[in-house]
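Some notes on the structure that comes next.
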Amino acid sequence: MPELPEVETVRRGLHELIIGRVVKKVTHDTPKGFPNAAADVEAFLIGSSVTDVRRRAKVLLIDLSSGYTLVIHLKMTGQLVFVGGARPRSPKPFQTASHRVSNRVPTPLEARAADVSEGLTVTAERFGAGHPNESLIGELPDRSTRVIFEFVDGSHLYFNDQRKFGWVRLMPTLEVPNIDFMKKVGPEPLEHDFTVMEFKERFKRRAKTSIKAALLDQTVVAGVGNIYADESLWGAAIHPLTRVGEVPEAKFEVLYTELRDVMNLAIEKGGSTDKNYVNAEGKKGSYMDFARVFRREGHECPRCGTIIIKFKAAGRGTHICPQCQVLE
DNA sequence: CACTTGACCTGTCCGC
DNA sequence: TGCGGACAGGTCAAGT
């Protein structure tokens, strides 16, 4: 479920944590998740240092000193978790009684990781007690770990992805803008120069589709997913099935403001953790504590007290207040 | 071309 | 207790 605020939170975390670190080794178990040829990995990733961590829409870009970039999409359940600091060493970490999943057969990736004496424990203690966003991560790697980046200083970056929809690929930095997705994707909604005029203009060509489908369309505006679509539509009091062309001008302007406000708040709260999402330190985001309608069916609308309902719109679970949000 | 639906995956939850 | 099926949603391909 990582949307723009979640990916941005990960980006900020990684920007603090991995710039300057030099890649020593990469282990991965899914050709689909990491399709690059071993020779390319050896030539352009191993021995390179991280020079920048960027984001475009929901895509993370980790730039390397080799002139290549790791392009990463977390899709629904992807996580990028950095583990540094002192590392307890264990000779057979995947066979110790303390291992969380010790009574099953280690995956090939785990077995390989065991060979290099990994077996780290990511605990709340490691990241400091009292942090508002608790850790969701246990020992890494775990069964969802697809790629492990090891840096020369002994720290690690884990790419976990329970549902395997996400991917990592290595390509020349200069070619990143030529990816089909990058050529089609719409403007960044939180950029200062993204105006309400441009917002309205972008939606015009989708006049006949529903406002929710248009919000989720990455070629209209970048980075909006199901959570912030529902939250911003509630904020603007627009029914998700309203055709774009039928949305009153004034409400469109409110939607622009609501979308930006709700995403900025979400970034401030470290994103939304419904089930899987964690930041670069393995911690949950707390926006869901502030959500007004998303996953709140059966609860009262904070504006009018009407019970929030859930139904399907644009192929997605959709949450509205049936009193505040009516078809135009 | 605009728009909708299904596929990709796996873990979880619900009803029987 | 187990099992089948529905469900979760970002993006692309294939369909209308």
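Heavy atoms only: backbone and side chains are in, while hydrogens, waters and symmetry mates are out. Chain A is the first sequence line, chain B the second, and so forth, proteins listed ahead of strands; every chain is numbered from 1.
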Separation of atom [atom1] in [X] from atom [atom2] in [N], rounded to whole Å:
| X | N | atom1 | atom2 | result |
| --- | --- | --- | --- | --- |
| A:Asp142 | B:dT10 | CG | C1' | 13 Å |
| A:Arg205 | B:dC3 | CZ | C1' | 12 Å |
| A:Arg243 | B:dC3 | CZ | C1' | 11 Å |
| A:Asp217 | B:dA2 | CG | P | 10 Å |
| A:Leu74 | B:dC9 | CG | P | 18 Å |
| A:Lys312 | B:dT5 | NZ | P | 11 Å |
| A:Glu6 | C:dA8 | CD | P | 18 Å |
| A:Leu215 | B:dC3 | CG | P | 14 Å |

Checklist entry - Is any side-chain nitrogen or oxygen of A:Thr77 closer than 4.0 Å to OP1 or OP2 of C:dA8? => result no
Taking the [atom1] atom of each, how far is [N] from [M], in whole Å?
| N | M | atom1 | answer |
| --- | --- | --- | --- |
| C:dG9 | B:dC14 | P | 16 Å |
| B:dG6 | C:dA6 | P | 13 Å |
| B:dG11 | C:dT11 | P | 22 Å |

Checklist entry - Can a donor-acceptor pair be found between the side chains of A:Arg54 and A:Thr173 at a distance below 3.5 Å? => result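 No, no side-chain donor-acceptor contact under 3.5 Å.
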Checklist entry - Judged by modelled atom types alone, do A:Tyr277 and A:Glu3 share a side-chain donor-acceptor pair under 3.5 Å? => result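 No.
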Checklist entry - Does the side chain of A:Val262 come within less than 4.5 Å of A:Tyr287's, by heavy atoms? => result yes
Item to check | Check ion pair A:Asp161-A:Lys75 (N to O, under 4.0 angstrom) | outcome: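 No, this pair does not count.
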Checklist entry - Which parts of nucleotides 9-16 of chain C does protein reach within less than 4.0 Å, heavy atoms only, written one letter per nucleotide 5' to 3' as B for base, S for sugar-phosphate only and - for none? => result BBBS----
Classify the angle between the aromatic ring planes of [X] and [Y] as parallel (below 30°), tilted (30 to 60°) or perpendicular (above 60°).
| X | Y | result |
| --- | --- | --- |
| A:Phe82 | A:Phe151 | tilted |
| A:Tyr256 | A:Phe194 | tilted |
| A:His73 | A:Phe181 | perpendicular |

